[in-house]
Amino acid sequence: MTVEPALRVTDRAPRGVLVWRWPAAVDALSSAGVGGGVSRPCWVINIGVDSGYGRTDLTDHATEVSAEIGLPGDGVALFTAADVTRPARSAAGGVTVHATVGVSHPTWAAGHRHLCTGDSATAAEPSRVDPTPGQSAIPAGAPRPGTINLVIQVPVGLDGGAGVNAVITATEAKTQALLEAGVDGTGTATDAVVVVWPSAAERSERFAGPRSPWGARIGRCVHAAVREGLAT
């Protein structure tokens, strides 16, 4: 089921767009702003945008890009100012992860004032995490446009809970890679993840946490892909 993304450059995506299309139907769970949630997408695209991108009509932009490319039906669209021409890739045991990695504006998930009414408490300032000994941090002077997008393909079905497990496992692995590399944050405010699996799978896995067989593969592949993306 695993496919490799095709790179296209169009008038609506002059910085490039990565396109995933599968020969058979797939199901997906995604945090994407366009086509997010549970879906059966005809495609997934990752659109390269300028660092000063200011459009708020994301669905319209995705529709323009998909129409220009000639993509049928509905799909999932991601956006990033990171370089989409060289996505990081990692695969193990049937799981394949592609990542576009940019961290120009890292943020801590609990690093801001709590916004609930009547709660004026502030989160403790997170401590910096030094790179793990023997592992290099992000190269000095490397470009760091924002947003980390992950497209994760698994060859087995996932039930509802396992799909959520997979997203959580991927997010934890991404954060581990960032902290090991010395990034001052747990991600960026615009990170997105897509998990895709075959619709016709004979059975669905119940678990995809980091101690399950498929979750462990997802975790290792996401960690490796994000580390590779940070280093390029």
Is Arg12 atom CZ crowded by more than 12 heavy atoms from other residues, nucleotides or ligands, each under 6.0 Å away?
->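 At most 12 heavy atoms, drawn from other residues, nucleotides or ligands, come within 6.0 Å of this atom.
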So does Arg211 have more than 12 non-hydrogen atoms from other groups sitting under 6.0 Å from CZ?
->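 For Arg211, atom CZ is not crowded (no more than 12 foreign heavy atoms under 6.0 Å).
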Is any side-chain heavy atom of [X] less than 4.5 Å from a side-chain heavy atom of [Y]?
{"X": "Ile148", "Y": "Leu178", "value": "yes"}
{"X": "Arg21", "Y": "Pro72", "value": "yes"}
{"X": "Val194", "Y": "Leu150", "value": "no"}
{"X": "Val97", "Y": "Val151", "value": "no"}
{"X": "His98", "Y": "Pro5", "value": "yes"}
{"X": "Ser199", "Y": "Arg40", "value": "yes"}

Steps toward side chain to side chain contact (heavy atoms under 4.5 Å, CB included) verdict (Ile47, Leu78) = CA-CA 6 Å; Ile47 303 170; Leu78 310 170; over 6 Å; no
Nearest non-hydrogen partners of [X] and [Y], listed with the distance:
{"X": "Val196", "Y": "Ala28", "result": "CG2-CB, 4.2 Å"}
{"X": "Ala181", "Y": "Leu230", "result": "CB-CD1, 3.7 Å"}
{"X": "Ala192", "Y": "Ser31", "result": "CA-OG, 3.4 Å"}
{"X": "Gly75", "Y": "Pro41", "result": "CA-CB, 3.9 Å"}
{"X": "Arg15", "Y": "Ala82", "result": "NH1-O, 3.8 Å"}
{"X": "Ala225", "Y": "Ala88", "result": "O-CB, 3.2 Å"}

Given Val44, which of Val26, Val76, Val3, Leu18 fulfils the side chain to side chain contact (heavy atoms under 4.5 Å, CB included) condition?
->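 Of the listed residues Val26, Val76, Val3, Leu18, the side chain to side chain contact (heavy atoms under 4.5 Å, CB included) partner of Val44 is Val76.
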If you round to the nearest 0.5 Å, how far is [atom2] of [Y] from [atom1] of [X]?
{"X": "Asn149", "Y": "Ile45", "atom1": "CG", "atom2": "CD1", "result": "11.5 Å"}
{"X": "Thr80", "Y": "Tyr53", "atom1": "OG1", "atom2": "OH", "result": "11.5 Å"}
{"X": "Ile218", "Y": "Ser90", "atom1": "CD1", "atom2": "OG", "result": "12.0 Å"}
{"X": "Glu228", "Y": "His223", "atom1": "CD", "atom2": "NE2", "result": "12.5 Å"}
{"X": "Trp43", "Y": "Trp22", "atom1": "CH2", "atom2": "CH2", "result": "10.5 Å"}
{"X": "Arg86", "Y": "Thr232", "atom1": "CZ", "atom2": "OG1", "result": "5.5 Å"}

Side-chain polar contacts of residues 154-172 - donor-acceptor pairs under 3.5 angstrom, sequence neighbours left out - could you list them?
from	atom 1	to	atom 2	distance (Å)
Asp159	OD1	Gly161	N	3.3
Asp159	OD1	Ala162	N	2.9
Asn165	OD1	Ala208	N	3.3
Thr169	OG1	Asn165	O	3.0
Thr169	OG1	Ala208	O	2.8
Thr171	OG1	Val167	O	2.8

Taking atom types as modelled and ignoring hydrogens, do the side chains of [X] and [Y] form a donor-acceptor contact shorter than 3.5 angstrom?
{"X": "Thr175", "Y": "Thr186", "value": "no"}
{"X": "Asp184", "Y": "Trp108", "value": "yes"}
{"X": "Thr2", "Y": "Gln153", "value": "no"}
{"X": "Asp60", "Y": "Thr63", "value": "no"}
{"X": "Thr100", "Y": "Asn46", "value": "yes"}

CA sep, side-chain torsions, deciding dist, call: Val17, Val84, side chain to side chain contact (heavy atoms under 4.5 Å, CB included) | CA-CA 7 Å; Val17 54; Val84 300; over 6 Å; no
With distance as the sole test, does Ser30 use its side chain to make a donor-acceptor pair with the main-chain N or O of Val193 at under 3.5 Å?
-> yes
Can any side-chain N or O of Asp83 pair as donor or acceptor with the backbone N or O of Thr85 at less than 3.5 Å?
->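 At least one qualifying donor-acceptor pair exists.
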Relative to the ring of His61, is the ring of Phe79 parallel (under 30°), tilted (30 to 60°) or perpendicular (over 60°)?
-> tilted
Please determine if Glu4 and Arg89 form a salt bridge, counting it only when a charged side-chain N lies under 4.0 Å from a carboxylate O.
->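 Salt bridge: yes.
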Between His105 and Thr107, does a side chain to side chain contact (heavy atoms under 4.5 Å, CB included) hold up when you go through it step by step?
-> CA-CA 6 Å; His105 302 292; Thr107 185; over 6 Å; no
Test side chain to side chain contact (heavy atoms under 4.5 Å, CB included) on Val222 and Ile152 and set out the steps.
-> CA-CA 8 Å; Val222 169; Ile152 302 164; 3.9 Å; yes
